[in-house]
Amino acid sequence: MPPASALLDWYDAHRRSLPWRAPAGAIADPYHVWISEVMLQQTTVTAVIPYYHRFLERFPTVEALARAPLDDVLAVWSGLGYYSRARNLYRCAQELAALGRFPRDVDSLRALPGIGAYTSAAIAAIAFGAPVVPVDGNVERIAARVFAVEAPLPAARKLIAKKAATLNREKEARARPSDFAQALFDLGAGVCTPRTPACMTCPWNEACAARQQGLQGDLPRKAPKAQRPTRYGAHFLLVDPSGRFLLRRRPEEGLLGGTMEMPGAPWRDVSWSAEEASGYRPMKDRSSKLSWTPAGRVKHVFTHFTLFVDLYAARSLVALNPADDDGVFLSGEDISRMGMSSLMIKCLENAMYAMTKGG
DNA sequence: TAATCGTGGTA
DNA sequence: TTACCAAGATT
């Protein structure tokens, strides 16, 4: 078993200073821990930091978050991805506000929206000093190496988690649950890295079974991933005389849920011809005089598929009244107050550029 | 159990 | 350029 004291000594000397972390020896604010942990799900520290600052400035407390409109939350979240996190964060804020305080134990936290096995343990350990080991990707990797688990992920996940839970058996670890958890994060982020781990500077190198067997760079093993399919869409940028854009809201559930998009054709596995796509032009029976022109193609990579979007643009010389299913005309200022995905921002920018250049 | 769900950085 | 990766949750 690797010595907890060695890890904690290393942490005391090398801990990262991060916006959501309390100073050494202080207790972190559970609200700050919660927001940061949700933002950090499948997201790098570098990407999160500016979002975290803006979020805390706009929503300083649970109460402020709970009484804000959901659109405000999605607006601040725009570009961070996995938008169900923002919706669950909002739902969770309502429940917390009703409760009047933060639950302090893992099981109560685990029952809240958007808080799963990892996040409940992380909040309990970091904000409330519960003697638990939150198992994220870092801890999973560290445990797989320290105990030389050669079975591949994701099948070995439960086994690795079980072994990771034994890392804090010593009293030194259980005396400092918050520091112990964050020490594991920092070790995984800076020393026990996925590729070419820096074993020479690792406080656990002598106890590491993978290193003893020369396997440290090969663990954790991972099952091969299926290749990413390609899908195709077509979207339409319509600009009115005052420079506003026609946008509609995507369904609350599913991909990019609740964010705004340009109207268009559904995404499918074969490309849309211009003729086919024209059937999905907005304002079809409300304005026959619109002149649609091709406005480029955008490539966007999601986790589970690659998307190519054909763009078309038109500028109306007269004010238009869109039908409900066409969407609404919004100014840039309006858009900044609502959620918009990186994909749609990219599409909007490209179509605008193509239209400006073309006419 | 296996899919679904974003994005930007890096080797 | 492709492939992989990041403090996972939900269904």
Side-chain angles (χ1 to χ4, degrees), chain A residues 16 18-21 28 32-52 74 77-89 91-92 109-127 132-142 153-158 161 164 178 180-190 192-196 217 220 222-231 250-259 261 267 298-307 339-346:
Chain A
R16 289 177 293 176
L18 297 169
W20 46 86
R21 276 190 182 171
H32 297 174
V33 175
W34 169 46
I35 299 301
S36 65
E37 287 302 337
V38 173
M39 285 187 170
L40 286 161
Q41 290 168 6
Q42 297 293 287
T43 309
T44 59
V45 166
T46 305
V48 163
I49 286 175
Y51 280 88
Y52 177 81
L74 285 170
W77 205 271
S78 290
L80 197 55
Y82 288 132
Y83 296 92
S84 67
R85 292 185 296 174
R87 296 193 300 275
N88 286 332
L89 204 63
R91 287 175 48 208
C92 188
L109 290 163
R110 176 74 180 76
L112 293 166
I115 298 183
Y118 162 75
T119 305
S120 56
I123 296 173
I126 296 170
V132 293
V133 180
V135 183
D136 72 333
N138 289 307
V139 179
E140 196 170 61
R141 183 171 59 255
I142 292 167
L153 292 171
R157 189 144 286 153
K158 289 188 71 175
S178 173
F180 190 74
Q182 294 178 89
L184 287 169
F185 301 159
D186 285 9
L187 189 73
C192 195
T193 53
R195 295 178 281 238
T196 62
K222 298 191 177 181
K225 293 171 185 173
Q227 78 168 50
R228 217 191 311 267
T230 301
R231 290 184 189 166
R250 291 178 63 87
E252 296 298 323
E253 300 298 318
L255 191 63
L256 308 179
T259 63
E261 70 172 4
W267 301 345
V298 156
K299 177 185 180 182
H300 192 78
V301 180
F302 291 102
T303 303
H304 51 303
F305 66 94
T306 298
L307 179 70
M340 176 123 46
S341 64
S342 291
L343 164 66
M344 271 307 139
I345 291 172
K346 195 193 310 181

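Chain letters run A, B, ... following the sequence lines, proteins first, then strands; residues in each count from 1.
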At under 4.0 Å between heavy atoms, what does [X] touch on the DNA or RNA strands: base, sugar-phosphate, or nothing?
| X | value |
| --- | --- |
| A/Trp34 | nothing |
| A/Ala117 | sugar-phosphate |
| A/Arg16 | base |
| A/Leu18 | base |
| A/Ser36 | nothing |

What residues, two or more places apart in sequence or in another chain, satisfy side-chain contact (heavy atoms from CB on, under 4.5 Å) together with A/Thr306? A/Arg228, A/Thr230, A/Lys299, A/Val301, A/Phe308
side-chain contact (heavy atoms from CB on, under 4.5 Å) against A/Tyr51, all qualifying residues, sequence neighbours excluded: A/Met39, A/Arg54, A/Leu80
Can you work out whether A/Phe185 or A/Glu253 has the more 5'-proximal nearest nucleotide on DNA chain C? A/Phe185
Result for 5'-nearest mapping on DNA chain C, choosing between A/Pro194 and A/Lys299, is A/Lys299
Just jot down the salt bridge (Lys or Arg N to Asp or Glu O under 4.0 Å) partners of A/Arg91, sequence neighbours excluded, or say none. none
Across all chains, not counting sequence neighbours, the salt bridge (Lys or Arg N to Asp or Glu O under 4.0 Å) partners of A/Arg21 are A/Asp186
Rounded distance (Å) that lies between atom [atom2] of [N] and atom [atom1] of [X]:
| X | N | atom1 | atom2 | answer |
| --- | --- | --- | --- | --- |
| A/Tyr118 | C/dA9 | OH | C1' | 13 Å |
| A/Arg87 | C/dA9 | CZ | P | 16 Å |
| A/Leu40 | C/dA9 | CG | P | 12 Å |
| A/Arg110 | C/dT10 | CZ | P | 6 Å |
| A/Arg157 | C/dA7 | CZ | C1' | 14 Å |
| A/Tyr52 | C/dA7 | OH | P | 18 Å |
| A/Asn138 | C/dC5 | CG | C1' | 11 Å |
| A/Leu187 | C/dA7 | CG | P | 12 Å |

Taking the [atom1] atom in each of [N] and [M], what is the distance between them to the nearest angstrom?
| N | M | atom1 | value |
| --- | --- | --- | --- |
| C/dA9 | B/dT1 | C1' | 15 Å |
| B/dG8 | C/dT1 | C1' | 16 Å |
| B/dG6 | C/dA6 | C1' | 12 Å |

A/Arg141 vs C/dA6: side-chain N/O to OP1/OP2 distance below 4.0 Å: yes
Are OP1 or OP2 of C/dC5 and a side-chain N or O of A/Lys225 less than 4.0 angstrom apart? yes
Search all heavy atoms of A/Leu112 against all heavy atoms of A/Cys92 and return the closest pair with its distance. CB-SG, 3.7 Å
According to side-chain hydrogen bond (donor to acceptor under 3.5 Å, both in side chains), who are the partners of A/Arg85, at least two apart in sequence or on a separate chain? A/Thr43
I need the A/Leu255 CG to A/Arg250 CZ distance, nearest 0.5 Å. 5.5 Å
Distance-only donor-acceptor check, side chains A/Tyr118 and A/Gln41, under 3.5 Å: no
For each nucleotide in nucleotides 2-11 of chain B, reading 5' to 3', give B when a protein heavy atom comes within less than 4.0 Å of its base, S when such contact involves only the sugar-phosphate, and - otherwise. --SBBBS---
